[in-house]
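One structure is given here, and the rest of the page talks about it.
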Amino acid sequence: MGMGMQSDMLCRTIRQYSSAPIAEADMRKLLDIAEDYGKVKNYVYARFGGIGSLDRIYPGYTVQNEMTASGLRTSLGLPSVYFYLAVFDALGDIKCQWMRTKSKILELTGRNAGFSEDDKHYLRFLLKVNNAFAAVLNQRPVQLPAEIQKQYEILAERADRERLHRYLCRQVRKYHVKLHTDCQDIFSTSERAYRYGNHGISLAVKEKRRRIFVSLTDNNQYKCQLSVRLYPGEQRLEIIVPVYVNVKRHEDYVNPIGIAMGMQTMLTTDSGHKYGENFGSYQAAYTRWTEKQSKNYHYNRQSNPGRKKYMAQKKCLEERLHGYINQELNRFLAEEKPGIIYLVKLPKAGAGGGKISRAVMMWQRGYIRRRLEWKCREHAIEIVEVFGNGVSRECSRCGGSGERKKGSFCCSVCGAVLDEKTNTAGNVRKRAESGKTVTKRQPFQAYESPE
């Protein structure tokens, strides 16, 4: 989303599907576009993804002009609408990759005990100012506009420039990845290349003044950039549409709520209300099925007929589980009417080490969190994360320590016996209200709906 988009809008992903099998000849024409789209992206990745092109990828007009002069569009015979979308799609990927590289180096810089504060300040400046960053990587003198140049020179005098430049180059070589795609079944299209009508959509192809008509399962029509994903084996396609919608604001959504997530009951509030009490049985059925299928697959590896049926059944179970999760999250928001939700910050994947059971591995906690975050943004609800260390071992009444026994928390100080998850949710809220928070996530920024 561009910076000019209003902050009370969010991006929802809508999908459209073809309603009838696509003719083989028509599918071949669409695949030709998708294959060429991938070739253009890989050409841009190879030509502009390295350190020598850092000066050219911002704002991107240089890349566009060079790609026009390259003659690639003519040799592929690809319509300009697809060609330039592929160029800017790849350019966006390159910029994102550089952002990830810079973020990683910034993190490592902050943790490096061998750097002084002046060294860290200098490296942060280089990572922030793209022209300075590019000059260092390409071993050129740093030349910036007058005011910024003066700031750079002050920082450079206090730091060991040569050592820090070598460090920066070394980290870029280590962490920066040149992109490549093998995907040849998806492409983007703008309004110039499609037209809705007659219960379907007409898509432009390589032949001049020719379009392929595809009937759709709905009559919705959109005016924006679309993504088209092809499924040649099934003779169908899927259209992915980004739609910007207004945030829903509720005057009565004002309550502060602390919550705790569990493997049996999905959510418990600090007041003891429970949502998703059948979550454990849904999760257990899904886990048992996948475990059984995994064993059968390994036993019959030599004569395994394929994974198509397995994936279809797995998708059915996942959709059933995810449908229940979304239903209960909607009920939670409608009944609790939260203005702010307090919850424990999730640890990074793999944190804690040690062996974990298949049930824990397949716990849908990450999906629940993503859906909760999306729904909170949709309804203008704020989320605040708190530190989770020891949150389930404290008494929410007196703050003393205790132990958990069969779903209950028993305080060794005041003698209180509380529901385990209710006690945890109460501690989450107390920590948030006392300022022991990690981050605040503002609900009004644009956000793409998770799939």
Side-chain angles (χ1 to χ4, degrees), residues 7-8 10 247-277 279 325 328-348 351-352 363 365-366 368-405 407-445 447:
S7 60
D8 59 353
L10 63 161
V247 170
K248 301 173 185 176
R249 303 177 188 277
H250 309 270
E251 292 183 1
D252 56 341
Y253 277 36
V254 295
N255 300 320
I257 306 289
I259 63 171
M261 290 196 292
M263 294 182 64
Q264 297 303 317
T265 298
M266 189 176 76
L267 291 182
T268 304
T269 70
D270 58 275
S271 57
H273 299 158
K274 296 182 181 294
Y275 299 89
E277 292 183 90
F279 174 69
I325 289 170
E328 289 300 296
L329 287 176
N330 290 337
R331 187 168 73 89
F332 161 67
L333 296 180
E335 294 183 6
E336 297 295 331
K337 302 186 186 310
I340 184 169
I341 294 175
Y342 305 119
L343 72 170
V344 171
K345 179 177 174 60
L346 281 177
K348 290 184 179 180
W363 183 18
R365 182 175 61 174
I368 296 169
R369 178 68 70 94
R370 291 194 300 275
R371 292 306 298 163
L372 178 61
E373 289 180 353
W374 163 252
K375 291 176 186 294
C376 284
R377 287 179 169 91
E378 189 177 26
H379 294 279
I381 300 167
E382 186 179 5
I383 289 182
V384 174
E385 295 179 322
V386 305
F387 293 101
N389 187 29
V391 73
S392 62
R393 297 191 295 272
E394 295 177 0
C395 177
S396 59
R397 290 187 180 176
C398 71
S401 61
E403 58 181 3
R404 294 168 291 174
K405 293 181 180 178
S408 297
F409 174 84
C410 304
C411 181
S412 58
V413 178
C414 68
V417 179
L418 308 167
D419 174 78
E420 178 189 346
K421 292 299 179 183
T422 303
N423 179 69
T424 299
N427 284 328
V428 169
R429 179 170 174 176
K430 283 177 65 178
R431 288 188 179 190
E433 292 176 343
S434 63
K436 298 178 181 178
T437 60
V438 182
T439 56
K440 282 192 176 184
R441 300 186 177 181
Q442 298 301 327
F444 311 123
Q445 61 185 352
Y447 185 77

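The figures here come from the full heavy-atom set of this structure, side chains too, leaving out hydrogens, waters and symmetry mates. Source: prediction; values computed, not measured.
For the atom pair OG1 of T265 and CD of E328, the computed distance is 10.0 Å after rounding to the nearest 0.5 Å. Atoms CG and CD1, on N330 and I325 in that order, are 12.0 Å from each other to the nearest 0.5 Å. Atoms CG and OH, from L333 and Y275 in turn, are 9.0 Å apart once rounded to the nearest 0.5 Å. Rounded to the nearest 0.5 angstrom, R377 CZ and K248 NZ are separated by 16.0 Å. To the nearest 0.5 angstrom, I368 atom CD1 is 7.0 Å from L329 atom CG. One distance of note links NZ of K421 with CE of M263; it measures 9.5 Å at 0.5 Å rounding.
Ion pair E403/K405 flagged as a salt bridge, since at least one NZ, NE, NH1 or NH2 atom sits closer than 4.0 Å to an Asp/Glu carboxylate oxygen. Here D419 pairs with K274 in a salt bridge; the nearest charged N to carboxylate O distance falls below 4.0 Å.
Contact check for I257 versus F332: side-chain heavy atoms found under the 4.5 Å cut-off. Inter-residue side-chain proximity for L267 and F279 is flagged as unmet; no heavy-atom pair is nearer than 4.5 Å. Within the 4.5 Å cutoff, no side-chain heavy atoms of M261 are placed close to those of M266. T422 has its side chain out of reach of D270: every pair of non-hydrogen atoms, C-beta onward, lies at least 4.5 Å apart. Taking 4.5 Å as the limit, some side-chain heavy atom of L10 sits within range of a side-chain heavy atom of E378. Between F409 and T424 there is no side-chain heavy-atom pair separated by less than 4.5 Å.
Between Y253 and H250, the two ring planes are parallel [angle under 30°; tilted spans 30° to 60°].
At a cut-off of 3.5 Å, with distance as the only test, a side-chain donor of E336 or H273 sits close to an acceptor on the other residue.
By the 6.0 Å contact criterion, CG on D252 is enclosed, its count of non-hydrogen atoms from other residues, nucleotides or ligands being greater than 12.
What you find for V386 and A432 is that their closest heavy atoms are CG1-CB, 3.6 Å. Contact detail for I341 and I259: the closest heavy-atom pair is CG2-CD1, 3.9 Å.
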Please report, to 0.1 Å, the donor-acceptor pairs under 3.5 Å made by any side chain of residues 391-401, with sequence neighbours excluded.
| from | atom 1 | to | atom 2 | distance (Å) |
| --- | --- | --- | --- | --- |
| S392 | OG | R404 | NH1 | 3.4 |
| E394 | OE2 | R431 | NH2 | 3.1 |
| S396 | OG | N423 | OD1 | 3.0 |

message = Between I381 and I340, is the side-chain contact (heavy atoms from CB on, under 4.5 Å) condition met? List the steps.
response = CA-CA 6 Å; I381 300 167; I340 184 169; 5.7 Å; no

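Each of R429, K430, K436 was scored for a salt bridge (Lys or Arg N to Asp or Glu O under 4.0 Å) with E433, with one residue passing: R429.
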